[in-house]
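Shown next, in structure tokens, is the structure this report addresses.
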Amino acid sequence: MEILRIATRRSALALWQANHVRDLLLQAHPGLEVELVKIVTKGDRILDRPLAEIGGKGLFLKELEVSMLQGESDLAVHSMKDMPAEDTPGLVLQAALPRANPFDAWLCLSGASLEELPAGARVGTSSLRRGCQVRAARPDLEVVELRGNVDTRLAKLDAGEYDAIILAAAGLERLGWGGRITARLTPPQWLPAGTQGIIGLQCRTGDEAMVTLLDPLADAGAMRQALAERTVLAALQGSCQVPLAVYAEPQSDGSLVLEGMVGTPDGKTVLRAEASGDDPESVGLDLAGQLKAQGAEAIIASLSRH
């Protein structure tokens, strides 16, 4: 391989992630040449409509996948939470980097917490999952659509368009905005998106040279968490159209404790379950089965029809 070409979105966070992977590859393989192939995705272009309306998961990676399948790039760097739970034919999720902060961040100019915010205050988020959990905890708040990259969202908060906003803590911390975080929203009260905080490395199936290059970067613990969480997403057909949260907490004995939530967008129905065990896939299927037994499939089916 003369030059390794990394496909990436053009956003500041995506470029940080791609450059981070490039630096790790160069540390592991001195002399390797790496270049970034910067691509604009559908999710980057359509900013005037909610994510759930324009196609859900895959919005931020389809063009990157096409680039690899057509031989224009060799590796794609993704925020794993943007990836559908099943592999795209011809491509494989080959490695996960060590997991960064998996939780959501609450940002409020007044410094008020979710519990302290006055009734009628405006909370910005583009996520049905976050909106569901806000409404379940505080039905007296107004949840308002918030799109754009991290800088854009912070600017809208600073301009007073929102009283508070919710973003992924990992993205803020990677871009140096960790100091803006008022509070971190953590389990068991608040659950993140499946695989949030994990950078996934995707390449063509059967590319043995790439497998060898990525091996030093791969984190087995993060991949175990990802497998458990992605198993739940696959079993429940999780997409941006469904308020679905899942988090696998590693235990000192190597096992995983998995917590999950499926709800309605209005927050009036919230189903919760927990499972634990050593095998990530089995734990994921156990949790998904519990949520289905509580009625998750009916919620998902009703939302998928809209």
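Starting from 1, each residue takes its place in the sequence as its number. All figures in this text were calculated on a predicted structure; none of them were measured in a lab.
Listed here is the closest heavy atom pair of Trp190 and Arg129: NE1-NH1, 4.0 Å.
By the neighbour-count criterion of 12 heavy atoms within 6.0 Å, atom CH2 of Trp177 is sparsely surrounded, having that number or fewer from other residues, nucleotides or ligands.
Atom CG of Leu256 sits about 11.0 Å away from atom OG of Ser282, to the nearest 0.5 Å. Asp104 CG to Arg130 CZ: the interatomic distance, rounded to the nearest 0.5 Å, is 4.0 Å. Rounding to the nearest 0.5 angstrom, the gap separating the NZ atom in Lys292 from the CG atom in Leu287 is 11.0 Å.
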Between Trp106 and Arg184, does a side chain to side chain contact (heavy atoms under 4.5 Å, CB included) hold up when you go through it step by step?
CA-CA 6 Å; Trp106 173 261; Arg184 285 164 179 81; over 6 Å; no

Could you go step by step and tell me if Arg230 and Asp87 meet the side chain to side chain contact (heavy atoms under 4.5 Å, CB included) rule?
CA-CA 11 Å; Arg230 281 164 62 86; Asp87 283 330; 3.9 Å; yes

Output, in order, the C-alpha distance, side-chain angles, deciding distance and verdict of salt bridge (Lys or Arg N to Asp or Glu O under 4.0 Å) for Glu161 and Arg147.
CA-CA 12 Å; Glu161 294 181 36; Arg147 292 287 313 279; over 6 Å; no

Side chain to side chain contact (heavy atoms under 4.5 Å, CB included) for Met68 and Asp74? Distances and angles first, verdict last.
CA-CA 6 Å; Met68 283 189 291; Asp74 309 298; over 6 Å; no

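In this structure a side-chain-to-backbone donor-acceptor pair under 3.5 Å is present from Arg138 to Leu114. Looking at Thr205, its side chain does come within 3.5 Å of a backbone N or O of Leu91 through a donor-acceptor pair.
Remark: the Gln94 side chain and the Asp215 side chain contain no N/O donor-acceptor pair separated by less than 3.5 Å.
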